[in-house]
Amino acid sequence: MRHVIALDVGGTGMKAALVGDDGALLHRARRATGRARGPEAVLAGILDFAAELHAHGVEQYGESAGAAGIAVPGIVDEHTGTAVYAANLGWRDVPLRALLADRLGVPVALGHDVRTGGLAEGRIGAGRGADRFLFVPLGTGIAGAIGIDGRVEAGAHGFAGEIGHIVVRPGGAPCPCGQRGCLERYASASAVSEAWAAACGDPDADAADCARAVAAGDPDAVRVWREAVDALADGLVTALTLLDPRMLIIGGGLAEAGEVLFQPLREAVRRRVTFQKLPAIVPAALGDTAGCLGAGLLARDLLDTPDPSEVTA
């Protein structure tokens, strides 16, 4: 049975799958990334994990995987197949595509984790059928994926979609990127967690606790939530003014609040638009499987496009 290997590498864990021609997940596996062991050990663990998946496919389906796709965090050069920089993994200029291809003996596509997740949401998730979309996961930080006609735009230098570093509060909170007032300092799940922990006096409180308090009508939670939603709406309106997407797909941990987030967010965006066309604002559909599914799509694309440099996410 023809299949491909899909691997999504995160700072703490790796998700993997063997994916059939029809997109079905034939086999799934998870493993700790083990970043505490250092960058070389993380790389060795990825290569070993991929080799085990390859061997499983041969044993179970009688043939080698046709290709492999891998999604990683940080700065990624999809054209050269290089993991340029990943702070969480301690990587600099790792030729990951070539290393995996040598280990597995099959063509490999490398993608950025958020863009790869956006590829999956656009093709088989919430954005299916939309010719233009912006995928924005609200997690520890905020990134974005710009979807155009079934692909995701990486930009000239691999930085396209970094909506989290749009300045929405000039002169505001310092951001690790070097600017002040970046969107992710106000509207990411970690920013909401920090603000709510300070407001309620519980250092262990997080964004999910804040969302529950909002639903219960707690005025301090409502204030914290409104400030985050207002900042998010400011950033999204800037993005839609530049990109004119047909759909805004919101994912990540903060989106798990459901209508506690989406109802005020839709209203806040609607209040801000003037000449712009208001896009549909919808929750992501694939959850934490998006990166792995997107890696599978990159790998399946290779079966039709043998040159890895032509496959990007």
With a 4.5 Å cut-off on side-chain heavy atoms, are Trp196 and Asp218 touching? yes
Looking at residues at least two apart in the chain, or sitting in another chain, which of them share a side chain to side chain contact (heavy atoms under 4.5 Å, CB included) with Ala191? Ser188
Just by distance, do the side chain of Arg35 and the backbone of Val42 share a donor-acceptor pair under 3.5 Å? no
Evaluation steps, side chain to side chain contact (heavy atoms under 4.5 Å, CB included), between Val229 and Glu267: CA-CA 10 Å; Val229 168; Glu267 290 184 0; over 6 Å; no
Which class fits the ring pair His27 and His56: parallel under 30°, tilted 30 to 60°, perpendicular over 60°? parallel
Is His112 reaching over with its side chain to a backbone N or O of Val72, donor-acceptor style, under 3.5 angstrom? no
Where the side chain of Glu121 meets the backbone of Ala290, is there a donor-acceptor pair that is under 3.5 Å apart? no
If you take all heavy atoms of Thr116 and Gly291, which pair is closest and at what distance? CG2-O, 3.5 Å
Can you find a heavy atom in the side chain of Leu286 that is under 4.5 Å from one in the side chain of Ile124? yes
Carboxylate-amine/guanidinium proximity below 4.0 Å for Arg266 and Glu259: yes
Heavy atoms only: give me the nearest Gly296-Ala6 pair and the separation to one decimal. N-CB, 3.4 Å
Can you confirm whether Val76 sits close enough to Val84 that some side-chain heavy atom of one is under 4.5 Å from a side-chain heavy atom of the other? no
Any residue meeting side chain to side chain contact (heavy atoms under 4.5 Å, CB included) with Leu99, in chain and number order, not counting sequence neighbours: Leu43, Leu47, Val94, Pro95
Run through Ile70, Asp8, Thr33 and flag the one making a side-chain contact (heavy atoms from CB on, under 4.5 Å) with Met14. Thr33
Once you round to the nearest 0.5 Å, how far does CG of Leu236 lie from CG of Leu183? 7.0 Å
Do NZ/NE/NH1/NH2 and the carboxylate oxygens of Arg246 and Asp131 come within less than 4.0 Å? yes
Leu240 vs Pro245 side-chain heavy atoms within contact, under 4.5 Å: yes
Should Arg31 and Glu52 count as an ion pair when the cut-off is N to O under 4.0 Å? yes
Looking only at heavy atoms, which two atoms of Glu78 and Arg97 are closest? And how far apart? O-NH1, 3.0 Å
Using side-chain heavy atoms (C-beta onward) and a distance below 4.5 Å, is Arg2 in contact with Leu303? yes
Strictly below 4.0 Å, N to O, side chains only: are Asp288 and Arg30 in salt-bridge contact? yes
Between Tyr186 (side chain only) and Ala173 (backbone N and O only), is there a donor and an acceptor less than 3.5 Å apart? yes
Tell me, which pairs form a ring pair (Phe, Tyr, Trp, His ring centres under 6.0 Å) where one or both residues lie in residues 258-294, sequence neighbours left out? none
Find out whether Leu119 and Phe135 are in side-chain contact, i.e. whether some heavy atom of one side chain is under 4.5 Å from a heavy atom of the other. no
State whether Asp48 and Arg103 are salt-bridged, where the test is any N-O pair (Lys NZ or Arg NE/NH1/NH2 against Asp/Glu carboxylate O) under 4.0 Å. yes
Side-chain heavy atoms nearer than 4.5 Å, only ILVMFWY residues, links allowed to pass through others: does that put Val167 and Leu242 together? no
If you measure from CG on Asp149 to CZ on Arg132, what distance do you get to the nearest 0.5 Å? 4.5 Å
Could you tell me whether the side chain of Glu162 and the main chain of Ala160 form a donor-acceptor pair under 3.5 Å? no
Regarding Arg123 and Asp301, does a basic nitrogen lie under 4.0 Å from an acidic carboxylate oxygen? yes
Which heavy-atom pair separates Ala120 from Leu297 by the least distance, and what is that distance? CA-CD1, 3.7 Å
Can you check whether Ile249 reaches Val136 side chain to side chain, under 4.5 Å on heavy atoms? no
Using a strict cut-off of less than 4.0 Å between a Lys/Arg side-chain nitrogen and an Asp/Glu carboxylate oxygen, indicate whether Arg272 and Asp230 qualify as a salt bridge. yes
Looking at Arg115 and Glu153, would you say the former's side chain and the latter's main chain have a donor-acceptor pair under 3.5 Å? no
One pair to check against side chain to side chain contact (heavy atoms under 4.5 Å, CB included): Val108 and Leu96. What are the steps and the verdict? CA-CA 9 Å; Val108 174; Leu96 190 55; over 6 Å; no
Decide yes or no for Leu278 and Val269: does some side-chain heavy atom of the first lie under 4.5 Å from some side-chain heavy atom of the second? yes
Are there more than 12 heavy atoms of other residues, nucleotides or ligands under 6.0 Å from atom CZ of Arg28? no
For a side chain to side chain contact (heavy atoms under 4.5 Å, CB included) check, start with the C-alpha distance between Ile5 and Leu18, then their side-chain angles and the critical distance, and finish with the verdict. CA-CA 5 Å; Ile5 296 168; Leu18 298 180; 3.6 Å; yes
For Ala207 and Leu254, which heavy atoms make the closest approach, and how far apart are they? CB-CD1, 3.6 Å
Check the pair Leu89, Val9 against side chain to side chain contact (heavy atoms under 4.5 Å, CB included), reporting the backbone distance first and the verdict last. CA-CA 10 Å; Leu89 302 178; Val9 179; 4.1 Å; yes
Looking at Glu184 and Ile142, what are the two nearest heavy atoms and their distance? OE1-N, 3.1 Å
